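Report on the structure given below.
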Number of protein chains: 2
Amino acid sequence: MITMEKVFSHTRQNDSTQTLTKKLRGVGLRATRQRLDIGNLLFSGKDRHVTAESLHDEAVAAGIRISLATIYNALNQFRDAGLLREVLVDPSRTYFDTNTSSHHHFFNVDNGHLTDIPHDEISVSCLPTLPEGQIIDGVDVLIRIKPDA
Amino acid sequence: MITMEKVFSHTRQNDSTQTLTKKLRGVGLRATRQRLDIGNLLFSGKDRHVTAESLHDEAVAAGIRISLATIYNALNQFRDAGLLREVLVDPSRTYFDTNTSSHHHFFNVDNGHLTDIPHDEISVSCLPTLPEGQIIDGVDVLIRIKPDA
DNA sequence: TATTTGTTTAGAATTATTCTAAACTGTTGA
DNA sequence: TCAACAGTTTAGAATAATTCTAAACAAATA
């Protein structure tokens, strides 16, 4: 059977790709095949936490041809552009979070799993005076959890 | 002039060394020359934030002969023993804090400086339910600050 | 479509940290 | 006091995450 999908498959782009292209252009990045592939993995679905390695493994498993260096480049560019947030949990690895809104994390020290805590479920009262001439850039709350007993 | 200090200098230890020795033995570590030297740098004075490199530089500058590997070993052992706390601020470097009590940090993203925030100057209300069977291991609040304007 | 400029990539380089195995030292018990 | 053992230190090698390099390539632009 011949469908319009097939006929135009070499020119048509699906919705997420169009959206992504706009998103990338919006932050001054060219919509290259690699950045679109990474973007599709990251931004189509629920929020995610990834490392360069984990994302590369996932891309490889999905049959996407992309070098690890490109993953590193893209993650750093996405973070600089505000499309991703860096999360500090493990001094030996850099985690990125697709949820860039103000929120916090549970970090399971036993297995390394990271879970979001919605912004409204934690309140930080910040009484301390900031050092002279400084302003707040961001507040991170990390609640380390471990198995009971 | 001959003083008792000099006469017994090969056997006598100063107060901080005696205290340190007890502290180390108390956590099951032998009071070796290297651990005492590091301990003296870390625990005699106000609270400090160090990295392995910074502490090694400091030791070298003070004329202490100690290898970087030993600094790494000692910092990790001290942390495991609860004498130090690891602070997550920079994914490319591990910071240790001599203040092991419950408290939080300002991190100046501009120059990498870390400052303690006393425990009572921040309050975190943790409404979220913990994942099944998990308990809290610790709560870290990091307030990233930067120069105004 | 030719040119320019930004991007990707393999592989080398870098950096923080850990490992290895040999020399050394603190501790213990006789 | 000292032998013997177990824990410690160390130089240098190894590892692992990340960045760099510079050549090939692709997107934007005129």
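Quick caveat, the model's predicted, so the values are computed rather than measured. Lettering of chains follows the sequences in order, A, B, ..., and the numbering in each one begins at 1.
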*Let me know the distance between CG of B:Asp37 and P of D:dT8, rounded to the nearest Å.*
16 Å
*Specify the closest pair of heavy atoms between B:Pro91 and A:Glu86, including all atoms of both residues, with the distance to one decimal.*
CG-OE2, 3.2 Å
*Between the main-chain N or O of A:Thr17 and the side-chain N or O of A:Thr21, is there a donor-acceptor pair closer than 3.5 Å?*
yes
*Could you state the CG-P distance from B:Leu29 to D:dT9, rounded to the nearest angstrom?*
9 Å
*Would you check if the distance from the ring center of A:His113 to the ring center of A:His49 is below 6.0 Å?*
no
*Between B:Ala52 and A:Gln34, which is nearer to the 5' end of DNA chain C once each is assigned its nearest nucleotide?*
A:Gln34
*Can you tell me how far C1' of C:dT25 sits from CG of B:Leu24, to the nearest Å?*
15 Å
*Between A:Glu53 and B:Thr70, just flag the one whose closest nucleotide in DNA chain D comes earlier from the 5' side.*
B:Thr70
*Whole-Å gap separating P (D:dA17) and NE2 (A:His56)*: 13 Å
*List the atom of A:Ile117, the atom of A:His103, and the distance in Å for their closest heavy-atom pair.*
O-CB, 3.4 Å
*Got a salt bridge between B:Arg79 and B:Asp97, using NZ or NE/NH1/NH2 to carboxylate O under 4.0 Å?*
no
*Taking only the side-chain heavy atoms of B:Arg35 (C-beta and beyond), determine which of D:dT9, C:dT9, D:dG12 contains the nearest atom.*
D:dT9
*asked:* Rounding to an integer number of Å, can you tell me how far A:Leu68 CG sits from D:dT19 P?
replied: 10 Å
*May I ask you to decide if B:Ile66's main-chain N or O and B:Thr70's side chain share a donor-acceptor pair within less than 3.5 Å?*
no
*Would you jot down, in residue-number order, the residues of residues 71-94 of chain B having a non-hydrogen atom under 4.0 Å from DNA chain C?*
B:Tyr72, B:Asn76, B:Ser92, B:Arg93, B:Thr94
*Could you tell me whether the side chain of A:Thr98 and the main chain of A:Arg48 form a donor-acceptor pair under 3.5 Å?*
yes
*asked:* For nucleotides 22-30 of chain D, give me one character per nucleotide, 5' to 3': B if any protein heavy atom sits under 4.0 Å from the base, S if the only such contacts are to the sugar-phosphate, - if neither.
replied: -----BS--
*Quick one: B:Leu36 CG to C:dG26 C1', roughly how many Å, whole number?*
11 Å
*Would you call B:Arg85 and B:Asp140 a salt bridge, using N to O less than 4.0 angstrom?*
yes
*Do you know which of A:Arg33, A:Gln34, A:Arg35 makes side-chain hydrogen bond (donor to acceptor under 3.5 Å, both in side chains) with A:Asp37?*
A:Arg33
